[in-house]
Amino acid sequence: MLLNRVVTLLLALALLIVVGANAFRHITQSQYLEYDEFYSLERSHGFDKFNDWLSVYSLNEPTAKKPPLQYWLNAVAINLGMRDVTALRFWSWVFFLGLLLVTAATSLYLKPDNPWVMPAAILLLASSTQLTALARSGLLDTGMGLLMMAGLLTFLYARHQPRIWLLCGVVLGLGALQKAPVALLFIAVLLLIFRVKGDTEIRWQQLRQNRYFNRGLWITLILFLAWPILQSFKYGGDYLNVAIKQQMLNRFSPLRPESEVRSGAFDWVGWLWADLHWFAIVAGCCTLAAVLLPRWRRQTDTFAYAALALLVIAAFTLASGKIYSRYLAVLTPLMVCVSVKVMADLIPWKPAVFLIGAVFFAIAFPDIDRIIDGEERGHNYFEVRDTVAYIDRFREDSDYVLINLGLLPPGAYGYFGESRAPFRAYDEMDEKRVAKYLDKLDLVARNLSLLGMDKVESRAQLEQVMPGLQVLDIAGDTMIWRFRPSPEMTLE
């Protein structure tokens, strides 16, 4: 048994190194960034740009949309001399490796008598095309997935080793500083499940008497509350409205009236198939089995992970706002752990689960290879930089810059632009939007003008809603325009 553990541990570490090295290929040479990666660059650069490491800046003003943890890490890496795009993606890659490792450790926790589940879990999670793409992006989702899975695992271990409550508290708090407090919500669900199933190791009265649990709880509360309290103190109560209500509650609340940007209720089915292909069917069946069949329903930990996976699916289905395929970073690791456990229980020969993982990884590898070596997607870093410089050639101190979402990622102007003045982004200009700018920006009283870039074909429409609009330059099919509203201007 000891030899098996040593062999499988070494195999798991070897797979981790190989998968990680493969995912890192070409990551430093890429010149293309996804739309939201420019937001990450802008926010990471904002700490130095505004000499303020206690606020996240977007559109050249403080934002409550995202917490600071990964942006801090990006900024530190850039300050240490790492190229900006490499620093942007380095931490997502590190978090991806951590997620593979924690998923393997969780699988071993659920099936301690079969160490082959560790390399199996690594191969199955590494077969995720979505996670491979996220590992090579500057987005926050691999970090969120890692801290969510690590929070759950430390919680489970802390039931038997109370000192781990301290580590659990740190992980849960950092999770709230990474993107969203998903792990905290899941821990609350676990406590409810354990209470309903009568788990004697998790009783609130006993926990309250455990000094390590109390210290861990305080660590979580401090890390969880420090940032929102600081931001609310600096910028007022609007922070909580944006960070909690708009970014979380409004997006996932099933009771909120459906918004115009609502995702399809079953988009997640297509996402899972594109992500895991045939293994998505196996994972779905294993997850349902762990919830419905007595054999696994009696195993509280396995049942809990499966229930959390179904909770995520229910949230995707009922969400009243826009959700994205990258949110699978929360779902896929849960389903992998449950699937490995169920398959290992069903098949007596222990290495079989590893061979199954190897088969599914081999099936997915051509798609993974295309993601790593395939054609570049997104916006060319240098072309975007030149576009921002082109806009700034015409910018005056009295201009309030507008960015057309179809022509330039807003985060790119915040990162490359010379100005520190706030700016806005729009998708289509109409009278209602112009009236909003006149009202909220108080352009006339502040003697400001609007400066923007748009398609030449939109000129007639822009002149209709902004009488007196001046075209400053035309380059190809785009133009730079300025609108200086007159004091007597009114809009119906």
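Counting from 1, the numbers follow the sequence of the chain as shown.
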Within a reach of under 6.0 Å around [atom1] of [X], are more than 12 heavy atoms found that belong to other residues, nucleotides or ligands?
{"X": "Phe233", "atom1": "CZ", "value": "no"}
{"X": "Gln464", "atom1": "CD", "value": "no"}
{"X": "Asp427", "atom1": "CG", "value": "yes"}
{"X": "Arg83", "atom1": "CZ", "value": "yes"}

Side chain to side chain donor-acceptor pair (under 3.5 Å) partner of Tyr413, the single match among Thr387, Asn60, Asp392: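 Exactly one option meets the side chain to side chain donor-acceptor pair (under 3.5 Å) with Tyr413, and it is Asp392.
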Side chains of [X] and [Y]: do they bring a donor and an acceptor to under 3.5 Å?
{"X": "Ser449", "Y": "Asp399", "value": "yes"}
{"X": "Gln130", "Y": "Thr332", "value": "no"}
{"X": "Asp454", "Y": "Tyr426", "value": "yes"}
{"X": "Lys234", "Y": "Ser55", "value": "yes"}
{"X": "Asp52", "Y": "Tyr57", "value": "yes"}
{"X": "Ser40", "Y": "Gln70", "value": "no"}

Distance-minimising heavy-atom pair for Pro333 and Leu328: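 Shortest heavy-atom separation between Pro333 and Leu328 comes out as CD-O, 3.9 Å.
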Smallest separation among heavy atoms of Leu147 and Ala183, with atom names: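 Smallest interatomic distance, heavy atoms only, reads O-CB, 4.1 Å.
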Quick test of your reading of the model: are [X] and [Y] salt-bridged, counting only N-O distances below 4.0 Å?
{"X": "Asp275", "Y": "Arg326", "result": "no"}
{"X": "Lys322", "Y": "Asp267", "result": "no"}
{"X": "Glu34", "Y": "Arg89", "result": "no"}
{"X": "Lys49", "Y": "Glu42", "result": "no"}

So do [Y] and [X] actually touch side chain to side chain, heavy atoms under 4.5 Å?
{"X": "Leu33", "Y": "His379", "answer": "no"}
{"X": "Leu272", "Y": "Trp268", "answer": "yes"}
{"X": "Leu146", "Y": "Leu101", "answer": "no"}

Parallel, tilted or perpendicular, as decided by the 30° and 60° cut-offs, for the rings of Tyr39 and Tyr35: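 Perpendicular: the ring planes of Tyr35 and Tyr39 meet at over 60°.
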Near-ring test Phe416/Tyr381, centroid separation under 6.0 angstrom: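 So the answer is yes for these two rings.
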Check: Gln31 side chain, Asn380 main-chain N or O, donor-acceptor pair, under 3.5 Å: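 No: the side chain of Gln31 does not pair with the backbone of Asn380.
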Tyr400 six-ring centre to Arg395 NZ/CZ under 6.0 Å and within 45° of normal: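 Here Arg395 fails the 6.0 Å and 45° test against Tyr400.
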The single option from Tyr157, Phe213, Trp218, Tyr212 passing ring pair (Phe, Tyr, Trp, His ring centres under 6.0 Å) against Trp165: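 With Trp165 as partner, Tyr157, Phe213, Trp218, Tyr212 yield a single ring pair (Phe, Tyr, Trp, His ring centres under 6.0 Å), made by Phe213.
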